[in-house]
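Everything on this sheet refers to the single structure shown next.
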Amino acid sequence: MSRVFTAEAHPNIAVVKYWGKRDRALNLPAVPSLSVTLERFRTRTTVTWGIDGPEDEVVLNGAALAGPSADRISAFLDLFGADRPRCRVYSDNNFPTAAGLASSSSAFAALALAADAAAGTGHDPAALSAIARQGSGSACRSLWGGWVEWPVGRAADGSDSHGRPLAPQGHWDVVIVVAMVSAGRKPVGSRAGMLRTEQTCPFFPAWVESAPADVAEARRAVLARDLERLGRVMEWSTLKMHSTMLSTEPAIRYWKPATLAAIQVVEELREQGVGAWYTMDAGPNVKVLCARADADRVSLALAGAVDRVEVLGVGADATVAPAVS
Ligand code: PMV
């Protein structure tokens with residue numbers, strides 16, 4: 001009899017960024033990072049362990065996947081058993097996929113959790129996070145809600161490079177205002193973008209060297225609930241990361257005119273005394289960190305610069321349960 005489990009995971013946004021790898025096969029990062037998990041946005045994934053037929057069946061947002069995207073899911077499932085049966089994976093996101101909104105983080109966290117339960121492998125959270133990392137680096141941080149660190153680790157097999165919860169969802173009631181510049185797919189994926197950065201950006205070594213101090217600073221800021229301190233280091237990490245992207249050959253520019261417009265709105269809000277700080281990932285969308293009390297003011301100001309604005313609080317741990325049919 002097949003076993004069917006459904007998992008839900010929320011995407012996370014790095015406040016100190018991961019960009020660059022120290023090991024490609026194991027997907028180990030060149031830099032440590034620290035993230036906050038988002039509420040409301042989620043991936044829901046159901047895994048059926050054992051179906052008839054010659055191939056895995058993978059359906060994302062209602063459309064069957066084929067080719068390299070489906071192969072990537074099959075290879076990931078192999079991590080739960082080399083001689084596994086064929087499986088069915090149904091997954092959907094309630095937010096845009098692959099547009100710099102961290103959909104791969106929630107996708108591989110939910111898939112890891114559902115596959116582990118359906119396969120009956122029973123990995124502990126740290127081991128499961130290290131497996132999720134191999135699907136997509138940022139996914140190792142989405143098994144937990146709240147604030148999560150991802151250290152580089154020392155072990156050659158990558159077993160100590162996984163998410164580590166720093167503070168739970170209820171620790172600090174801040175919000176991330178997402179300014180959606182574009183819901184389209186990004187021009188260069190993070191894997192290809194990181195490789196190009198490692199290979200051609202002359203500033204990459206300096207980026208790697210500066211990251212541990214940024215994580216230490218952000219950790220102190222989160223634990224002290226010091227928004228200004230966190231916001232400053234988040235912007236610095238963001239701009240350093242995008243500087244490495246812009247200085248690759250050929251250049252990777254994820255920003256659009258509306259990205260800069262949103263940045264300017266945030267800077268003007270700060271001049272008016274509103275505590276708001278921005279971050280961007282491998283895409284044009286801008287995410288703004290602020291106190292919940294300022295969320296309306298910040299989203300109203302951003303609404304003048306971009307098409308759509310969403311206010312998201314800090315999210316909860318990923319969950320898994322037997323599927324209900
Ligand atoms: O692990 P990936 O492939 O989702 O790469 C994530 C890279 C950034 O979103 C740009 C930064 C981060 O730490 O999430």
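No hydrogens, no waters, no symmetry mates; every other heavy atom, side chains included, goes into these values. Atoms within a ligand are numbered from 1 in the order they appear, just like the ligands themselves. The structure presented is a predicted model; accordingly, all values stated were derived computationally and were not measured.
- Judged by distance alone, the side chain of Ser237 and the main-chain N or O of Met234 form no donor-acceptor pair under 3.5 Å.
- Tested against His242, the residues Trp255, Trp19, Tyr254 include a single side chain to side chain donor-acceptor pair (under 3.5 Å) partner, Trp255.
- Listed by atom number, the atoms of ligand 1 under 4.0 Å from Ala14 heavy atoms are 12 (C), 13 (O), 14 (O).
- In summary, the atoms of ligand 1 found under 4.0 Å from a heavy atom of Gly137, numbered by their order in the structure, are 1 (O).
- Among all protein heavy atoms, the one lying closest to atom 1 (O) of ligand 1 is Ser138 N, 2.8 Å.
- In this structure, the protein non-hydrogen atom closest to atom 9 (O) of ligand 1 is Asp281 OD1, 3.3 Å.
- At the top of the distance list for atom 3 (O) of ligand 1, counting protein heavy atoms only, stands Ser190 OG, 2.6 Å.
- The N/O atoms of Ala282, backbone and side chain alike, include none that comes under 3.5 Å of an N/O atom in ligand 1.
- Contact annotation: the side chain of His171 approaches that of Arg225 to within less than 4.5 Å [non-hydrogen atoms, C-beta and beyond].
- Ion pairing between a basic and an acidic side chain is recognised when a charged N comes within 4.0 Å of a carboxylate O; Lys287 and Asp281 show such pairing.
- Which parts of ligand 1 touch Trp19 is read off a 4.0 Å heavy-atom cut-off, strictly below it: atoms 10 (C).
- For ligand 1 and Ser104, the ligand atoms under 4.0 Å from any heavy atom of the residue are 4 (O).
- Each of the atoms 1 (O), 2 (P), 3 (O), 4 (O) of ligand 1 lies under 4.0 Å from some heavy atom of Ser136.
- Met194 counts as a contact of ligand 1, since one of its heavy atoms falls under 4.0 Å from the ligand.
- You'll find the side chain of His162 stays beyond 4.5 Å of the side chain of Pro125, heavy atoms only.
- What sits closest to atom 11 (C) of ligand 1 on the protein, heavy atoms only, is Tyr18 O, 3.2 Å.
- Protein heavy atom closest to atom 12 (C) of ligand 1, with residue, atom name and distance, is Arg141 NH2, 3.3 Å.
- Glu267 is listed as a side-chain neighbour of Tyr278, based on a closest heavy-atom distance under 4.5 Å.
- Heavy-atom contacts from other residues, nucleotides or ligands closer than 6.0 Å to CD of Glu209 number 12 or fewer.
- Side-chain heavy atoms closer than 4.5 Å link hydrophobic residues (I, L, V, M, F, W, Y) into clusters, and following such links, possibly through other members, connects Leu223 to Trp147.
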